[in-house]
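Numbers here simply count residues along the sequence, with the first being 1. Keep in mind it's a predicted model, so treat the numbers as computed, not measured.
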Amino acid sequence: MVLKIYFGNKPVFICDEITPAIEIYRHHPDTVFIDEMTSPAINTLLHEIEKPGFHAGILFTASIEKSKKLFWKHFTLIQAAGGLIENEKQEVLMIFRRGKWDLPKGKLDEGETLEECAVREVKEETGLKNVQLKKFIATTFHTYNEFGRHILKESHWYRMKAASSQSLKPQTEEDIHQIEWVKPAALDEKLSNTFPSVKDVMESVYGKKEK
């Protein structure tokens, strides 16, 4: 099993196996490899991440769950949910927020399920009225700092359907200023200016393209 947490564009893996993809990172000279999951070891890794040359981190462990709990203690956890929305033309709905193309998502409210959160946030951020929830895609993790706090955001993604005839209205108070149904042939252009976790979600649905 592998958990991937993004620090900006740089990944940290918590894993109980070394997959071929992780093996590539492992051989990079600026990758930090740790096989003893302790708080001091995690602190060392978090310190190394701040250095410009840091490439990736690998935390190799016999227990993913125990290591996850230990790692999570260093952060404030925020859960969120969102969607990859497709229309009848197989176009994908993407939003432009704070200089990046993104998929709609938002924080989980108290008392709601992740599925309810995903649909609500999609409607609020895009103006869609009718959205059909399909299947779960994946969970992604990324970190950021907010008012001195180290945040770990756990985002749950769902595949959804919506008709392209519906009007779209960007939620400008959430810094969304553009919404676009993106044709499959134009996805690469948008994904060249997005977040690595969004690329992972797309890859989970459409597969990795050969270059």
Side-chain angles (χ1 to χ4, degrees), residues 1-8 11-16 63-87 90-98 100-147 149-163 166 168-171 173-176 179 181-182 187 190-191 194-207:
M1 183 178 177
V2 176
L3 295 177
K4 186 195 297 183
I5 304 106
Y6 283 107
F7 290 74
V12 168
F13 301 94
I14 301 176
C15 58
D16 57 10
S63 173
I64 292 286
E65 283 307 312
K66 286 182 181 178
S67 299
K68 177 182 174 182
K69 287 178 183 176
L70 188 62
F71 193 84
W72 264 223
K73 284 181 180 179
H74 293 260
F75 299 88
T76 298
L77 179 67
I78 291 178
Q79 289 188 305
L84 189 160
I85 310 105
E86 298 163 302
N87 64 21
Q90 284 73 55
E91 296 170 330
V92 175
L93 193 64
M94 298 194 74
I95 61 176
F96 193 71
R97 170 165 41 198
R98 298 169 193 153
K100 296 273 190 183
W101 286 100
D102 202 353
L103 296 173
K105 75 170 185 308
K107 296 176 185 177
L108 183 71
D109 283 347
E110 187 176 351
E112 71 179 346
T113 66
L114 290 165
E115 291 85 355
E116 289 168 345
C117 173
V119 172
R120 174 182 58 76
E121 286 290 344
V122 163
K123 288 180 175 180
E124 288 177 357
E125 294 195 343
T126 67
L128 288 170
K129 300 297 183 187
N130 297 306
V131 177
Q132 185 180 6
L133 182 70
K134 302 301 247 183
K135 64 179 183 178
F136 171 75
I137 301 171
T139 302
T140 62
F141 304 92
H142 72 275
T143 69
Y144 58 95
N145 293 325
E146 184 178 71
F147 306 116
R149 294 189 305 159
H150 300 299
I151 307 295
L152 174 62
K153 183 171 277 190
E154 177 183 294
S155 299
H156 301 259
W157 298 96
Y158 297 85
R159 201 165 184 174
M160 302 181 189
K161 291 285 185 183
Q166 297 182 67
L168 301 174
K169 183 181 179 183
Q171 190 179 22
E173 58 266 35
E174 288 293 331
D175 294 322
I176 303 168
I179 306 176
W181 285 111
V182 183
L187 275 176
K190 296 291 189 286
L191 293 179
T194 190
F195 302 99
S197 55
V198 170
K199 290 181 181 178
D200 286 351
V201 171
M202 293 288 196
E203 195 173 297
S204 295
V205 173
Y206 303 117

One should read off an interatomic distance between Phe71 CZ and Ile64 CD1, to the nearest 0.5 angstrom, of 12.0 Å
Should Lys123 and Val119 count as side-chain neighbours, where that means a heavy-atom distance under 4.5 Å?
yes
Heavy atoms of Ala118 and Tyr158 approach each other most closely as CB-CD1, 3.7 Å
Worksheet entry | NZ/NE/NH1/NH2 to OD/OE distance under 4.0 Å, Arg97 and Glu125 | yes
Output for pair (Trp72 CH2, Ile5 CD1), nearest 0.5 Å, gives 4.5 Å
The reported gap from NZ in Lys105 to OG in Ser155 (rounded to nearest 0.5 angstrom) is 5.0 Å
Value for CG (Leu108) from SG (Cys117), rounded to nearest 0.5 Å, stands at 5.0 Å
Less than 4.5 Å apart, side chain to side chain, heavy atoms only: is that true for Phe195 and Thr140? no
| request: Evaluate the salt bridge (charged side-chain N to carboxylate O under 4.0 Å, His left out) criterion for residues Glu116 and Arg120: first the C-alpha distance (whole Å), next the side-chain angles of each, then the deciding distance (0.1 Å), finally the verdict. | output: CA-CA 6 Å; Glu116 289 168 345; Arg120 174 182 58 76; over 6 Å; no
On a heavy-atom basis, the closest approach of Leu152 and Phe141 is CD1-CB, 4.2 Å
Heavy-atom check, side chain of Ile78 versus side chain of Lys153, under 4.5 Å:
yes
CG of Leu133 to CD1 of Ile85, rounded to nearest 0.5 Å, is 10.5 Å
Hey, can you tell me if His156 and Phe136 have their rings parallel, tilted or perpendicular (30° and 60° cut-offs)? tilted
Q.
In the structure I gave you, are the side-chain heavy atoms of Val131 and Thr126 within less than 4.5 Å of one another anywhere?
A. no
Checklist entry - Taking C-beta and beyond as the side chain, do Leu93 and Met160 meet within less than 4.5 Å on heavy atoms? => result no
Interatomic distance, CD@Gln166 vs CG@Asn130, rounded to 0.5 Å, equals 5.0 Å
### Task
Determine whether Leu84 and Trp157 make a side-chain contact, defined as any pair of heavy atoms from C-beta on separated by less than 4.5 Å.
no
Margin query: Under a 4.0 Å threshold between the charged nitrogen and the carboxylate oxygen, would Glu203 count as salt-bridged to Lys199?
Written below: no
**Study point:** Expected output: side-chain Glu174 to main-chain Gln171 donor-acceptor under 3.5 Å
**Key:** no
Does some side-chain heavy atom of Leu187 sit less than 4.5 Å from a side-chain heavy atom of Met94?
yes
Side-chain heavy-atom pair Leu168, Trp181 within 4.5 angstrom cut-off:
yes
